[in-house]
Amino acid sequence: MEIRPLKISGISSHRPIIIAGPCSAESREQVLETATALSASGVKIFRAGIWKPRTKPGGFEGVGTAGLEWLKEVKEKTGMLVATEVATPLHVTECLKAGIDLLWIGARTVANPFAMQEIAEALAGHDIPVLVKNPVNPDIELWCGGLQRLLNVGITNIGVIHRGFSSSDKSLYRNAPLWSIPIEMKRRFPELTIICDPSHIGGKRDLVAPLCQQAMDLNYDGLMVESHCNPDCALSDSCQQLTPDVLTSILNGLVLRNNTLTTENIEVLRRQIDILDEELLSILSKRMRVSEEIGLYKKEHNMPILQSERYGQILENRAAEGAILGLSPGFVEEVMKAVHSESVKVQMEIMK
Ligand code: PEP
Ligand code: MN
């Protein structure tokens, strides 16, 4: 599947593309006040959720179709383009009727292939740009599947939004960024437009600025940030929304990396990395052969594959040895767990 960079009519392709606005459209006044302030600081694309997917019933579920009128007014008064989330074919029809400029599909919807398919079919034949958020669960195939469903009906002007992944573990973030997943998306589709949503990743105001910078450091194409004229009173996602002023100062402070420079001067270092990777692979392969021999021995002597005590020792010792070599214990643990799990797989093959 071939994916080209997203084109948004009237918006230059210079990075970063900035999309900003409240989590939800709450009232005509809140929408217009926020949009006017954002437009004055140069934001060209306004976002606001009209239909809100809430984890539990009873919360603010959005103002519905009435909010589309407010978005139209934002367009007329500020000249900004307007974007909202669609989760059903009816939402798509209403947005197309109202002249919304850009749509996004939310994380919960992307996780549901039936919903994704219905939305794709409702979009068929229209040329509105569409952004697909990552599904709530860290499943890259499901994310790609969402893109594929759009491509299959001829919707090719698409991009993605990285909004993090939900997890039951307590963490600094509301949604774990798991940067390796969007990085893998970019490896698979080098021209894919990737927008970072630091608001839903961070879940807290203080985390938005560093996340915006990290996204720029990773060469993301843009940012979608939640901004509300009075965040403390927001009806949804109050803790993560920024005033337009705060957002403006974050955007002005971003360090943009130069991605037009050639990488000639780091070629020598890259060559060293290639050589070291070759060595790593050769060592891993040798280690795996030894594992096979151990597997044969265990089979011959009718021993179980998993020796938990030995596994625990390996993790502990390697973390300590790695620390002396300047490697973080978390990293060493992750590598050793991956190596061990492959060894177990190899030995299971031998056992059967
Ligand atoms: C949103 O953008 O306000 C939203 C509901 O996002 P997500 O689908 O990422 O939870
Ligand atoms: Mn939100």
Side-chain angles (χ1 to χ4, degrees), residues 17-26 30-31 34-35 38 43 45-57 59-64 67-68 70-71 82-88 91-92 95 100 102-113 115-116 119 129-139 142-143 146-147 158-167 173-178 181-182 185 194-205 207-208 211-212 215 220 222-243 247:
I17 299 165
I18 303 293
I19 305 170
C23 178
S24 308
E26 300 167 4
Q30 168 250 8
V31 166
T34 309
L38 289 169
V43 174
I45 311 175
F46 182 74
R47 66 147 280 160
I50 301 289
W51 301 280
K52 299 303 298 176
R54 306 313 299 275
T55 306
K56 288 183 184 156
F60 175 63
E61 304 209 309
V63 293
L68 292 172
W70 308 336
L71 291 185
V82 290
T84 198
E85 173 178 340
V86 287
T88 69
H91 297 166
V92 172
C95 288
I100 301 301
L102 187 150
L103 300 176
W104 81 83
I105 304 172
R108 293 159 192 78
T109 311
V110 181
N112 177 349
M116 240 349 269
I119 292 170
V130 182
L131 291 166
V132 178
K133 285 204 171 191
N134 66 258
V136 272
N137 45 330
D139 181 345
L142 198 53
W143 200 1
L147 295 176
I158 56 181
V160 295
I161 301 174
H162 168 219
R163 52 78 79 195
F165 302 88
S166 61
S167 147
Y173 299 106
R174 176 177 177 196
N175 288 292
L178 306 182
I181 296 181
M185 280 299 259
I194 301 199
I195 309 268
C196 180
D197 171 348
S199 309
H200 290 90
I201 295 178
K204 295 179 210 63
R205 279 170 214 155
L207 293 176
V208 174
L211 284 163
C212 285
Y220 275 54
L223 301 166
M224 175 152 108
V225 193
E226 287 189 339
S227 173
H228 189 294
C229 54
N230 189 358
D232 289 335
C233 298
L235 299 181
S236 60
D237 289 353
S238 154
C239 301
Q240 69 196 33
Q241 302 206 59
L242 308 170
T243 62
L247 175 60

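Every number for a ligand or one of its atoms is a count from 1 in the order of the listing.
The structure places CG of Asp232 at 10.5 Å from CD of Gln241, a figure rounded to the nearest 0.5 Å.
Counted by atom type alone, Asp237 and His200 present one or more donor-acceptor pairs between their side chains at under 3.5 Å.
Sorted by chain and number, the residues within 4.0 Å of ligand 1 by heavy atom are Cys23, Arg47, Lys52, Glu85, Trp104, Gly106, Ala107, Arg108, Lys133, Arg163, His200, Glu226.
Around the Mn ion (ligand 2), the protein N, O or S atoms found under 2.8 Å comprise Cys23 SG, His200 NE2, Glu226 OE2, Asp237 OD2.
Taking His91 as the reference, Trp51 meet the ring-ring contact (aromatic ring centres under 6.0 Å, His included) condition, with sequence neighbours excluded. Checked against side-chain hydrogen bond (donor to acceptor under 3.5 Å, both in side chains), His162 has the following partners two or more places apart in sequence or in another chain: Tyr220.
In this structure, Gln30 contributes its side chain and Ser24 its backbone to a donor-acceptor pair below 3.5 Å. No side-chain donor-acceptor contact under 3.5 Å links Arg47 to the backbone of Val82. A distance-only check finds a donor-acceptor pair linking the side chain of Ser199 to the backbone of Glu226 [under 3.5 Å].
In terms of heavy atoms, Pro231 sits closest to Leu242 at CG-C, 3.9 Å.
The shortest distance between side-chain heavy atoms of Ile45 and Ile18 does not fall below 4.5 Å.
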